[in-house]
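Remarks on the structure that follows.
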Amino acid sequence: MDNKEIPGDSPHPNGLWSFFASVKLSVVLLLTLAATSVIGTLIPQNETPENYRRAFGEFYYRLFETLDIFDMYHSWWFQLLLLLLTVNIIVCSLDRLAATWKIVFAKQPRFNLNRFRSDKHKISREVPQAPEELRPVIEDLLAKKFTYRRTAETAEGFVFFAEKWRWTRLGVYVVHASVIILLIGGLLGSIFGFEGYVNIPEGEMTNTVNLRNSGKTIQLGFDIRCENFNVSFYPSGMPKEYRSRLSIIENGATVLQKDILVNHPLRFKGINIFQSSYGQLPAEISMTAAPEEITLSFTSKETGMVYNKTVRSGERIVIPEDLGEFVINDFQKTYDFRGRALGPTLIGTLVQKNGATVEVLLPFKFPGFDRMGAIIDPQRDDAVLISIDDVSSLPDQQAKRFYTGLQVTKDPGVWVVYTGFVLMIIGCVIAFFMSHQRLCVEVVRRGRQCLVTVSGSANKNKLGMHRKVETIADHLLGTAGEPLAAPVPTGQNIKKEDQ
Amino acid sequence: MNSSLTLSITTFLYGFSAFLYLIALVFKWRTPGVLATGFVFAGLIGNTAGIALRWAESYQMGIGHAPLSNLYESLVFFAWTIALLYLFIERRYGNRVIGAFTMPLAFLTMAYASLSPNISDRIQPLLPALKSNWLIAHVITCFIGYAAFAIAFGLSIMYLIRHREPGRNGSVLGRFPEPRVIDDLTHRMIMFGFLFLSVGIITGAVWANSAWGRYWGWDPKETWSLITWFIYATLLHAKMMRGWHGRRIAYLSLIGFAAVLFTYFGVNLLPGLHSYGAMGQ
């Protein structure tokens with residue numbers, strides 16, 4: 001802490017070492033980290049490229065992309081700054097630790113009498129006792145206030161040395177170590193941990209989750225089943241509580257069952273499962289065969305008229321307004337549309353007015369699908385849009401179901417990080433509010449009286465130490481019988497001493 | 001007597017105290033200063049009562065929770081902490097000039113909380129994510145830290161005014177504490193604030209880990225609290241290791257407090273998780 005006592009000049013004349021041992025570098029790095037961190041709060045992180053292109057235009061998008069601005073806290077240059085800071089902290093600490101170590105773990109604390117004698121803030125008073133009378137009084141007082149004491153005889157009397165909290169000089173190293181431990185914990189988490197999410201419909205289970213940053217899927221090694229999900233609301237409509245009852249199933253047996261809420265996760269084998277969101281599934285429809293007949297609605301783009309027609313599979317019908325002919329020719333239990341499962345789907349053929357034949361998909365889950373499809377298919381003339389009229393009238397339909405949105409994480413570094421947290425708090429308290437305090441009381445015989453001088457030093461909070469010296473002086477010279485016989489002569493004495 | 005009325009009265013009491021401290025400073029009168037201290041006391045009692053009443057009222061409404069859950073409640077607690085810390089300092093240093101630079105902050109905080117059309121003082125139920133004891137620890141420690149930084153800010157302004165002139169004995173500036181004393185007190189306030197900011201960030205991280213499964217996510221508010229931490233860490237290193245003091249430390253303290261204010265208010269303009277502390281809540 002005190003650069004005068006613990007010189008920063010390094011025993012290693014190496015240029016690189018002294019570069020990293022400099023506090024100037026720390027100041028520059030801390031300010032650079034502060035300044036660059038601002039960027040990521042102004043530019044939203046990890047959005048889609050399309051959003052960024054729209055917001056910044058092609059040129060700035062390219063520029064920012066090259067500089068990793070869109071994920072800047074994980075960019076090489078930000079990590080490099082953190083690495084430099086780490087090296088800086090380690091080198092700075094090691095550089096100064098040797099000197100601190102010598103002070104803290106010295107077998108016998110060293111006191112420099114001359115330094116106390118030349119202390120500007122020392123307090124001297126003459127008291128009417130002999131040094132032998134004063135000795136037990138002073139020793140008693142110092143025993144109450146300090147942990148280490150030593151008395152030495154001088155030619156003209158005694159010198160008492162006392163000190164406490166020598167070890168607090170190590171506080172700053174605890175803070176620095178805590179920062180390093182935090183960074184190590186973070187690194188462990190990013191290497192060996194993951195952050196994933198999964199949505200599980202009520203009654204269903206899964207053993208995989210999707211990773212948040214890479215989109216990859218990983219195996220958990222056990223199943224999570226969502227037994228049920230409940231959400232309750234305040235009268236204002238604000239959500240009050242989300243609750244999922246989860247079962248952990250390992251090798252076919254339920255090994256754990258627990259209700260999870262926000263702030264009350266489930267932890268199993270180092271994997272944490274958090275309630276993070278919820279939602280409703282689109283009407284769940286399971287069908288094994290096409291319904292015998294179904295009502296379809298045909299919307300004319302030109303007139304806006306909607307015609308409802310009940311259609312049987314394979315039956316060709318003519319659409320009004322001369323919009324063409326339509327026939328349902330196939331049914332699939334689930335239709336794979338460009339990698340997306342559409343669920344049970346009717347497949348029909350539309351013969352348009354111009355003679356072109358196009359395929360029309362009618363998925364039961366997405367009744368309005370053709371509105372999109374009509375745009376995608378270049379063959380379509382778009383004159384008519386077809387949809388399933390009323391899905392709810394269909395048989396075998398289940399009630400709407402909730403799914404629970406779970407955040408699934410693993411972070412083996414978290415306990416390292418927590419250790420760092422605790423050390424940082426302890427270290428800050430020591431480094432800021434506790435100092436290595438040393439006190440010297442010198443008693444010099446002056447005929448029948450003696451001159452008492454109290455002085456002190458501390459490696460931090462010097463003003464506080466001055467105040468303490470004053471208190472001790474008052475206390476000491478007050479307890480020693482007639483303290484300040486008269487203020488005026490005492491003042492003169494002090495002046496005399498000062499000369 | 002309900003919490004709303006009590007806190008309105010508190011606003012006025014803090015306002016009077018700030019005004020009287022200024023009067024006492026400018027006109028070198030003693031009596032207004034003594035009165036001002038009385039008003040801070042009364043204000044602090046009102047503030048405490050207001051917080052307690054609000055707490056009780058939330059239970060009567062059946063949505064009981066500690067009154068530390070939205071912007072209004074945090075501002076009220078912020079003002080409370082500033083007033084309390086200031087009283088400690090006044091007692092310890094026996095100088096009322098500091099009151100002229102810190103109590104206006106407590107008053108402005110309360111006035112902003114009560115008068116801003118963007119801040120609702122309604123007691124609202126807690127969102128699921130806020131139902132955690134970590135919330136209380138997080139808010140209390142953060143705002144103790146912020147209050148200490150606010151006082152350091154007031155002291156730095158004082159320092160910058162004071163150091164320009166030698167401060168002859170009779171002058172207004174002569175009533176300021178010695179620059180050396182202001183500098184030292186600023187340093188202490190910043191150490192105190194830094195400790196509590198650190199604990200605030202830590203409790204926030206532990207809370208985030210129990211609510212969302214990650215202790216740090218570079219959310220704008222998290223990031224800004226870290227930026228604030230970096231700035232004050234810089235200040236402490238410059239002071240303790242490079243021997244910076246006086247004006248340079250005062251300027252750094254102003255910058256640090258600007259970062260505190262941005263962390264507190266500015267971030268709500270940016271997207272993120274901390275919308276609970278946002279306007280209109």
Side-chain angles (χ1 to χ4, degrees), chain A residues 1-3 8 23-24 26-27 29-35 37-38 40-42 44-45 72-74 92 172 185-186 189 195 234-236 238-242 261-265 272-276 407-409 411 414 417-418 421-422 424-425 428-429 431-433 460-464, chain B residues 63 124-135 180-181 184-185 187-188 191-192 194-195 198-199 201-203 205-207 209-224 226-231 233-234 236-238 240-244 259 262 266-267 270-272:
Chain A
M1 275 285 157
D2 192 329
N3 46 356
V23 179
K24 254 185 221 160
S26 323
V27 168
L29 284 174
L30 285 170
L31 288 179
T32 311
L33 278 167
S37 296
V38 175
T41 66
L42 300 178
Q45 299 287 292
M72 63 151 284
Y73 302 110
H74 304 104
C92 262
V172 62
E195 199 176 307
Y234 293 110
S236 65
M238 229 169 90
K240 184 178 182 182
E241 186 185 276
Y242 313 127
L261 295 88
V262 181
N263 277 315
H264 298 276
N272 310 304
I273 304 169
F274 298 85
Q275 182 70 63
S276 95
Q407 164 105 335
V408 183
T409 67
D411 190 349
V414 79
V417 170
Y418 281 15
F421 284 166
V422 173
M424 174 169 286
I425 296 172
C428 278
V429 171
F432 293 156
F433 304 111
K460 286 167 262 174
N461 187 13
K462 306 208 189 294
L463 283 184
Chain B
I63 48 171
Q124 283 167 322
L126 286 183
L127 283 168
L130 294 181
K131 287 179 187 162
S132 168
N133 285 333
W134 289 108
L135 165 76
R180 192 175 57 92
V181 174
D184 181 68
L185 184 55
H187 180 216
R188 281 154 177 277
M191 287 195 296
F192 186 75
F194 189 80
L195 171 68
S198 307
V199 179
I201 294 174
I202 288 170
T203 49
V206 174
W207 176 23
N209 192 37
S210 76
W212 298 288
R214 48 155 200 70
Y215 50 83
W216 193 262
W218 296 106
D219 150 63
K221 193 129 184 160
E222 287 170 356
T223 310
W224 268 97
L226 187 67
I227 291 168
T228 310
W229 194 87
F230 282 144
I231 294 174
T234 307
L236 291 172
H237 283 87
M240 295 197 269
M241 300 304 299
R242 306 284 313 165
W244 283 28
F262 196 84
V267 168
L270 308 168

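Naming convention: chains lettered A, B, ... in sequence-line order (proteins, then strands); numbering from 1 in each chain. Values below: every heavy atom of this structure, side chains too, minus hydrogens, waters and symmetry copies.
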(message) Less than 4.5 Å to any heavy atom of chain B: does that hold for the side chain of A:Val422, its backbone, both, or neither?
(response) neither
(message) If you compare all heavy atoms of B:Ser210 against all heavy atoms of A:Pro265, which two are closest, and at what distance to 0.1 Å?
(response) O-CD, 3.6 Å
(message) Which atoms of B:Phe262 are under 4.5 Å from chain A, going by heavy atoms: the side chain, the backbone, both sets, or neither?
(response) neither
(request) Please name the pair of heavy atoms, one in A:Tyr234 and one in B:Ile63, separated by the smallest distance, quoted to 0.1 Å. (result) CE2-CG2, 4.1 Å
(request) Begin from the C-alpha positions of A:Val38 and B:Ile227 and carry the test side-chain contact (heavy atoms from CB on, under 4.5 Å) through to its verdict. (result) CA-CA 8 Å; A:Val38 175; B:Ile227 291 168; 3.6 Å; yes
(request) Flag the one option from A:Gly186, A:Cys428, A:Ser276, A:Pro239 with the top tally of heavy-atom pairs under 4.5 Å to chain B. (result) A:Pro239
(message) Checking B:Arg180 against A:Leu463 for the side-chain contact (heavy atoms from CB on, under 4.5 Å) test, could you report, in this order, the C-alpha distance in whole Å, the side-chain angles of both residues, the deciding distance, and whether it holds?
(response) CA-CA 10 Å; B:Arg180 192 175 57 92; A:Leu463 283 184; 2.9 Å; yes
(message) With a 4.5 angstrom heavy-atom cut-off, is it the side chain or the backbone of B:Leu236 that approaches chain A, or both, or neither?
(response) side chain
(message) So for A:Ser37, is it side chain, backbone, both, or neither that comes closer than 4.5 Å to the heavy atoms of chain B?
(response) both
(request) Among A:Val262, A:Leu31, A:Leu33, A:Asn263, single out the residue with the greatest number of heavy-atom pairs under 4.5 Å to chain B. (result) A:Asn263
(message) If I take atom OG1 from residue B:Thr223 and atom OH from residue A:Tyr73, how far apart are they, to the nearest 0.5 angstrom?
(response) 4.0 Å
(message) I'd like to verify something: which residue of B:Trp229, B:Trp224, B:Tyr215 has the highest number of heavy-atom pairs under 4.5 Å with chain A?
(response) B:Tyr215
(request) Indicate the ring-plane relationship of B:Phe194 and A:Phe432, choosing parallel, tilted or perpendicular according to the 30° and 60° boundaries. (result) perpendicular
(request) Please state whether the side chain, the backbone, both or neither of A:Ile425 comes within less than 4.5 Å of a heavy atom of chain B. (result) both
(message) Working to the nearest 0.5 angstrom, can you tell me the gap between A:Asp411 CG and B:Arg214 CZ?
(response) 11.5 Å
(request) Against chain B, label A:Asn272 side chain, backbone, both or neither, depending on which of its atoms sit under 4.5 Å from a heavy atom there. (result) neither
(message) What part of B:Trp134 gets within 4.5 angstrom of chain A, counting heavy atoms only: side chain, backbone, both, or neither?
(response) neither
(request) Would you give the length of the straight line joining atom CE of B:Met241 to atom OG of A:Ser26, rounded to the nearest 0.5 angstrom? (result) 8.5 Å
(message) Heavy-atom pairs under 4.5 Å with chain A: which of B:Val199, B:Asn209, B:Leu226, B:Ile201 has the most?
(response) B:Asn209
(request) Can you see which heavy atom on A:Ala34 is nearest to which on B:Ile231, and at what distance? (result) CB-CG1, 4.3 Å
(request) Could you tell me which portion of A:Gln275 (side chain, backbone, both or neither) has an atom closer than 4.5 angstrom to a non-hydrogen atom of chain B? (result) backbone
(request) Under the side-chain contact (heavy atoms from CB on, under 4.5 Å) rule, what do B:Trp216 and A:Val417 come out as? Steps first, then yes or no, please. (result) CA-CA 11 Å; B:Trp216 193 262; A:Val417 170; over 6 Å; no
(message) I'd like to know which of B:His237, B:Arg188, B:His187 tops the heavy-atom pair count under 4.5 Å against chain A.
(response) B:Arg188
(message) For B:Ser198 versus A:Met424, what's the shortest heavy-atom pair and its separation?
(response) CB-SD, 4.4 Å
(request) Drop me the distance from A:Lys240's NZ to B:Lys131's NZ, to the nearest 0.5 angstrom. (result) 6.5 Å
